[in-house]
Protein chains: 2
Amino acid sequence: MSTRPGGRSARVRDAVLAATYAELAEHGYPALTVDAVATRAGVHKTTVYRRWGSVDDLLADALDQTRDTPWALPDTGTVEGDLIAITTEVAEAFGHLAVPTAVVAAAFQSPRAAGALRDFYAARQTQAALVVVRAVERGELPADVDPVDVVRTACAPLYYRVFVTREPVDVAVAERAARAALAAARAGVI
Amino acid sequence: MSTRPGGRSARVRDAVLAATYAELAEHGYPALTVDAVATRAGVHKTTVYRRWGSVDDLLADALDQTRDTPWALPDTGTVEGDLIAITTEVAEAFGHLAVPTAVVAAAFQSPRAAGALRDFYAARQTQAALVVVRAVERGELPADVDPVDVVRTACAPLYYRVFVTREPVDVAVAERAARAALAAARAGVI
DNA sequence: TCCCTAATGCAACAAAAGTTGCGTTATTGT
DNA sequence: ACAATAACGCAACTTTTGTTGCATTAGGGA
C-alpha cells in the first residue's frame, strides 16, 4: 500500500482546493497564505505544507483540477462568431474572477505552477483551435492557416492588456481582437 | 527643508537600484530579497525598508527610472520593417533578461509596481505608435487605423507566449506577429 | 472484524521577513 | 564656517513563514 487516495485524503484535497479559490476571490493573490487556506478548509497547516509545499503548488493543483473539467466549445456557424464567443468568454473571466491572474502570478514563482499553466493553456488552445479547423473545412479560411496560431492571435491582446499594460478589457476589445486575428488569417499571414 | 535629494541619497538610490537589477539577473525574481539587495548595494536593510518598503516597490522605482531613459524608435522606411524591428526587439529582450518578467510579476503583488508598469507601457506604446502614424502619412495604411492598437496587436502575442502559455519566442514568431497586425490594419478592422 | 500504516493533528521549534528606537553621519540653508 | 536635521547604520525586537518529532485517526487489505 503506497498511497491512499480514497476517503479522507480526497475530502481534504477538495476542501483545501475549494478554500484556495475562496480565499483568492476574497482577498486576492498577495494575501493568499497557507495558514489562511488551511484554517478555512478546517485542516492543519502542516497538512497543506506536507501535501503541497506552498501556495503556488496549491494553485498549480487547483489548475490541474479545472483543466480536466469539460469546457463547451462554441459553434455559432461562422468562424467570426466562434472566435468572438471565445474572446468574449476570456474577457468576462477577467471581470469576475481574480483566479486567472493569480495563477499567472503563481507561475512566476513556482516551476510547478508554471508547468500547470502551460499544460492548461495547451489543452484549451488545442480545443479552441477546432473552430478554425471547422472553418477551413467549410471553406471560410485558406487550408494552410495555423489553427492554434489564429486562436493565439485572437486571445493574446486580452491577456496583454490585463497582465502587461494593465488596460481595461470589455466586449468591444474582445470583438476587435477576434476580427483582427481573422483578418490576418484571411490574408494568409497566419 | 522637507527632502534632501542630492549627494548621499542619490548615490544610495543608484546603488540600490543597480543592485536590484544585478540580483534579478543572477538569481531571478523569486529569490529577490530586500536583504540581498541591501547587502549588495553596501547599504543596510533598514534603509531600503524605510525608503522603498518592499522589493516590489523597489522594482517599481527601477522601472520608473528606465522609463525615463531614451529609446530609439526604428525607422526602416516601411511599416512592416518598423513593426518587425519593434517585435524583434521585444522578443530578444526576453531571451537575455529576466527583468521584464520580474516587473510583471511584481505588478501582481504591489499596486505601486502595477502603476509603474502601466505608466511604462503607456509611454512606450505612444512612442512606438509613431511608426504607424508615419505609415498613414505615407499612405501605407488607411487613415482611420488606431495606431496604438496596431502596436498592441503586434506585440501582444509575444507577451502572451512568454507569460501565459509559456511557449518559446524567436524572430520568426516576432515577424509573424508584426505581419498579422499589419494585415488586420490593412483590412480596416483595427 | 482486525491489523497495518498512510495521513492528519498538535506543539514546539527554526528561519526568514519586517519593525522600532537611538546614536551617528553628512547634506543643506544661513 | 556652522548649526539644524534628513538620511543612514546598528542592534534588538516582533511577526510571519516554514519545519520537525511524535501522538492520534482512519483507510484498505487480510
Side-chain angles (χ1 to χ4, degrees), chain A residues 1-20 23-24 26-62 64-65 102 105-106 108-113, chain B residues 1-20 23-24 26-62 64-65 102 105-106 108-113:
Chain A
M1 186 192 313
S2 62
T3 186
R4 188 179 284 184
R8 180 168 63 169
S9 294
R11 280 198 306 275
V12 166
R13 178 168 183 258
D14 290 344
V16 169
L17 294 187
T20 302
E23 280 290 315
L24 213 53
E26 275 185 29
H27 310 296
Y29 176 72
L32 190 66
T33 67
V34 170
D35 223 345
V37 169
T39 304
R40 181 169 205 139
V43 159
H44 204 264
K45 70 168 181 173
T46 19
T47 300
V48 177
Y49 274 116
R50 277 197 272 247
R51 283 188 54 173
W52 285 277
S54 69
V55 281
D56 299 315
D57 292 347
L58 207 55
L59 276 172
D61 196 22
D64 283 337
Q65 195 184 44
F108 285 111
Q109 320 245 7
S110 132
R112 169 95 174 66
Chain B
M1 188 193 307
S2 62
T3 187
R4 187 180 284 184
R8 181 169 61 170
S9 293
R11 280 197 306 273
V12 167
R13 178 169 184 256
D14 290 344
V16 169
L17 294 187
T20 301
E23 279 290 314
L24 211 52
E26 275 185 30
H27 310 296
Y29 176 71
L32 189 66
T33 66
V34 169
D35 223 344
V37 169
T39 304
R40 182 170 204 136
V43 158
H44 203 265
K45 70 169 181 173
T46 28
T47 298
V48 177
Y49 274 117
R50 277 197 270 247
R51 281 187 57 173
W52 284 276
S54 70
V55 281
D56 298 315
D57 292 348
L58 209 53
L59 277 172
D61 197 23
D64 283 338
Q65 196 183 44
F108 285 111
Q109 320 245 7
S110 129
R112 169 95 173 68

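The basis for the numbers below is simple: all heavy atoms, side chains too, and nothing from hydrogens, waters or symmetry mates.
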Atom pairs, protein N/O to nucleotides 22-25 of chain C N/O, distance under 3.5 Å:
unit_1 : atom_1 : unit_2 : atom_2 : d
C:dT25 : O2     : B:Arg8 : NH2    : 3.3

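- Taking every heavy atom of both residues into account, B:Ala102 and B:Leu24 meet most closely at CB-CD2, 3.5 Å.
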Close N or O pairs between protein and nucleotides 16-18 of chain D (under 3.5 Å):
unit_1 : atom_1 : unit_2  : atom_2 : d
D:dG18 : OP2    : A:Tyr49 : OH     : 2.7
D:dG18 : O5'    : A:Tyr49 : OH     : 3.4
D:dG18 : N7     : A:Lys45 : NZ     : 2.9
D:dG18 : O6     : A:Lys45 : NZ     : 3.2

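- Using a 4.0 Å heavy-atom criterion, one finds that B:Arg13 contacts no nucleic acid atom at all.
- Taking every heavy atom of both residues into account, B:Ala60 and B:Ala113 meet most closely at CB-CA, 3.6 Å.
- Sorted by first then second residue, the side chain to side chain donor-acceptor pair (under 3.5 Å) pairs that include residues 27-38 of chain B, not counting sequence neighbours, are B:Tyr29-B:Asp56.
- How far CG of B:Leu32 is from CG of B:Leu59: 6.0 Å, rounded to the nearest 0.5 Å.
- When every heavy atom of A:Glu23 is checked against every heavy atom of A:Ala36, the shortest pair comes out as OE1-CB, 3.7 Å.
- Listed for the A:Arg51 side chain is a donor-acceptor partner under 3.5 Å among the backbone atoms of A:Ser9.
- In this structure, CG in B:Asp57 is found 11.0 Å from CD in B:Gln109, a value given to the nearest 0.5 Å.
- Going from atom NE2 of A:His44 over to atom P of D:dG21 covers 17 Å, rounded to whole Å.
- Expressed to the nearest 0.5 Å, how far CZ of B:Arg13 lies from OG1 of B:Thr47 amounts to 15.0 Å.
- Straight-line distance from the CZ atom of A:Arg51 to the P atom of D:dT19: 17 Å, rounded to whole Å.
- Using a 4.0 Å cut-off, no side-chain N or O of B:Arg11 falls inside it from OP1 or OP2 of D:dC8.
- Annotation: of the two residues near DNA chain D, B:Thr47 and A:Thr46, the 5′-most nearest-nucleotide partner is B:Thr47.
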